[in-house]
Every structure is written in structure tokens, then in C-alpha cells.
Number of protein chains: 2
Amino acid sequence: MTKKATPSPGAIKAWARLMRVSRQLMESAEEALKAAGLSPLAWYDVLHELAEAGEGGLRPFQLIERTLFAQYSISRLLARLEADGLVEKLPVADDGRGQTIRITANGRETRRKMWAVYGRSIADLVGAKLSADELTMVSALLGRLRHPPASD
Amino acid sequence: MTKKATPSPGAIKAWARLMRVSRQLMESAEEALKAAGLSPLAWYDVLHELAEAGEGGLRPFQLIERTLFAQYSISRLLARLEADGLVEKLPVADDGRGQTIRITANGRETRRKMWAVYGRSIADLVGAKLSADELTMVSALLGRLRHPPASD
DNA sequence: TCTACATAGATGCAATTGCATTAACTTTGG
DNA sequence: CCAAAGTTAATGCAATTGCATCTATGTAGA
């Protein structure tokens, strides 16, 4: 009998804090971007992955794995990013179904501008609130909650 | 010069973990409810607040304060809950604009059923992953991130 | 009292999301 | 080589969300 149907008060509190705080912080960051006239966080996430991927770009399904967005969500997000000239879609040599998404110079510039605001939000909302050790501890503890228990 | 434009690597990592883990866990819980043929988490949040409030009920604006949902979101959610017979709307004696929302017996029952599933998710996803001390630590650290820095 | 302003809650409309399906390939197994 | 099954990405349509506004009521000050 290791399965508990009802969580401990400590677990409930940790859960509640996690849900509430993450939502609040996310909204604060989102708000800051909007106030600066920039695009939503989801755009940043994708541009960030693409920037890290470099010239080789990424396939949409790889973006799905990395960002955890839904397939249709990525499909539409990429359509908007392309319409805005932030990414380009290239055919894939050995797979006629697929495409490779590559960030454009314009996309990199947009990402840079977004980071100026987003990074400051992170610094203000998290960096300024906890010490380096505490940050490490939070990361480690949250890491143990990953579901399924894997990857970074 | 205490304002940092760029967050430390530790802050970035903690932020990323927080956003990713909270989303994953939320989705897992949401999925479990759906798989059990139950309503979404937002319904639970509201029913929970109303159940705690007791016979006196709560005004919609109080629900907004407690749940952090948007005004229009609460307005529509309550309309659906009422349509399902889970809550009832009562006029307020001394304020003709307002109403008091009270949970019904049916609503309490629905909340109970949802908790059976939701509680198990919390136990599995959080309670089973960290010790009591670690849970306390997570709650404390996350508590320091509340924004604005206040209330429980 | 009357006007100006504030607060409570609902809602029209456009944009976004989620679900289910589809179209266009690829791969596998006979 | 062919049929069946799998993968990749897009999309029609309904439901939900977000924004801005609106109605109704309450409050404060001239």
C-alpha cells in the first residue's frame, strides 16, 4: 500500500504554490512584453530554439519536442512567424512531407529585442528574489518533478 | 546599480524549470480529469473556493481575487456552473449590482468526485516525488517569488 | 438633488485554441 | 512492386479566450 489517494497537506501546498506562482510570473513576463509592444512568449520560445539550432534549422516536429507545444499550435505559430518574415520554411531533401524551419536575420533581431525585456523580467522576478544557492535548489527540486522523469 | 538587465544562468535555469514543470504537471492533472470524464481544473478551483466559503457564498469579485481568473472568465464560468446546477446565484440585499454565488449540494458532490482524481494527481506528481522536508522547502522558496510579494 | 465618477457583472465580436480529420508523403512486409 | 500502416504538417469547425464596451447600480462632491 504505497499509493496514496489523498495527498499530504505539504504536497497540496507545494502544488498550489507552484501553480499560482508560475501563472503569476508568466503573466508578468507576458505583460512586460506586451507593454513593450513585442510579441508573446510563445514566439520567443520558438525563435530561441531556432536561434540555438543555427543555420541547419529545425523540423517542426523537433520544435514540438523541445517546446512541448501542440502540433497544430506549432503549425500555426510558424505560419505567423513566416508571414512576419522571422523564419523561413525550406523543403527537406530526403523527406517530401517535411520542411526545415530556419530563423532569419529579422527573426534574430526580434529575438534579441524580446530578450532585452524578457531577460529583465526573469532577473527581476526570480534573480532578484533568491540567492544563487537558492536558485540552484529550486532548479534541483523542480527537476525531480519532471513528468515523465527525464531530460533537461 | 542593482538593476541587472540580464539574468544569471541560475535564474534562467530556475525560470525555465518552473515554467516547464508547472505546465507539464498542470497538463497531467487536466488530462487525468478529462480521462475520468470530469470537468476542467478551473471548475474545481471555483467549486473549492465556494465550498470553503460555506453557506454565505462568495461574490464574483471575491472569486476573482482568490482564483486570479479574469473578470469575464469568472462571469462565463459561473454561467456554466449555474447551467449545470453546481452553483446558484442569489441577489445581494444591500447592493443591487451584485450577486452572491453559493455552491449547491450537486456542486459539492461534483467537487468531491473531482478531488478524488485531482488529489491523486497531486499525490502522484508531487507527493510521491519529494520528501516532506523537500516539499516544505519548495513551498518556502516559491513563496518568495510571489508577485506582488504578498498573501498566501 | 444632480452630476461625475467608480464598481459589479455581462456580452458582442474578433482572435486563438483544441479536436478531429485530411493530404501528402515514407516505410515496411509480403 | 504493391498494399497497409506510419509519419509530417495543415486545416475545417466548434468552443474558448481576450478585449473593449455596456448596462446597472452605488458613491461622493458641488
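Each chain gets a letter, A, B and so on, in the order the sequences are listed, and its residues count up from 1.
- The separation between L63(A) atom CG and dT7(D) atom C1' is 17 Å, rounded to whole Å.
- Residues L90(A) and R102(A) form a side-chain contact, since some pair of their non-hydrogen atoms from C-beta on lies under 4.5 Å apart.
- One finds a side-chain N or O of K34(A) lying less than 4.0 angstrom from the OP1 or OP2 phosphate oxygen of dC19(D).
- Here the side chains of T6(B) and W115(A) are in contact, with some heavy-atom distance below 4.5 Å.
- Contact annotation: the side chain of R146(A) approaches that of R17(B) to within less than 4.5 Å [non-hydrogen atoms, C-beta and beyond].
- Atom CZ of F69(A) and atom P of dA9(D) are 17 Å apart (whole Å).
- In this structure, R76(A) and V92(A) both approach DNA chain D, and ranking their closest nucleotides by distance from the 5' end singles out V92(A).
- Between R111(A) and R108(A) there is no side-chain heavy-atom pair separated by less than 4.5 Å.
- Rounded to an integer number of Å, the gap from L77(B) CG to dT11(C) C1' is 16 Å.
- In the interface, the side chain of R59(B) is not paired with the base of dG9(C) through any donor and acceptor atom under 3.5 Å apart.
- Rounding to whole angstrom units, CG of residue L81(A) and P of dA10(D) are separated by 12 Å.
- The shortest side-chain heavy-atom distance between L86(A) and L50(A) does not fall under the 4.5 Å cut-off.
- Look at CG on L78(A): it is 16 Å from C1' on dT17(C), rounded to the nearest Å.
- Within the structure, a side-chain polar atom (N or O) of Q99(B) is placed less than 4.0 Å from OP1 or OP2 of dA10(C).
- Rounded to whole Å, the distance from CG on L58(A) to C1' on dA9(D) is 15 Å.
- Taking atom NZ on K89(A) and atom C1' on dT8(D), their separation rounds to 12 Å, with Å as the unit.
- Taking all atoms of both residues into account, the shortest heavy-atom contact from V21(A) to L142(B) is CG2-O, 3.5 Å.
- Residue I74(B) contributes atom CD1, which lies 16 Å from atom C1' of dT11(C) at whole-angstrom precision.
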- Check the pair E134(A), K129(A) against salt bridge (Lys or Arg N to Asp or Glu O under 4.0 Å), reporting the backbone distance first and the verdict last. CA-CA 9 Å; E134(A) 289 167 334; K129(A) 300 288 180 56; over 6 Å; no

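- Dashed line: the shortest gap from a side-chain N or O of R80(A) to OP1 or OP2 of dA10(D) is not under 4.0 Å.
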In B/S/- notation (B base, S sugar-phosphate only, - none; protein heavy atoms under 4.0 Å), nucleotides 21-27 of chain C written 5' to 3' is ---BBS-

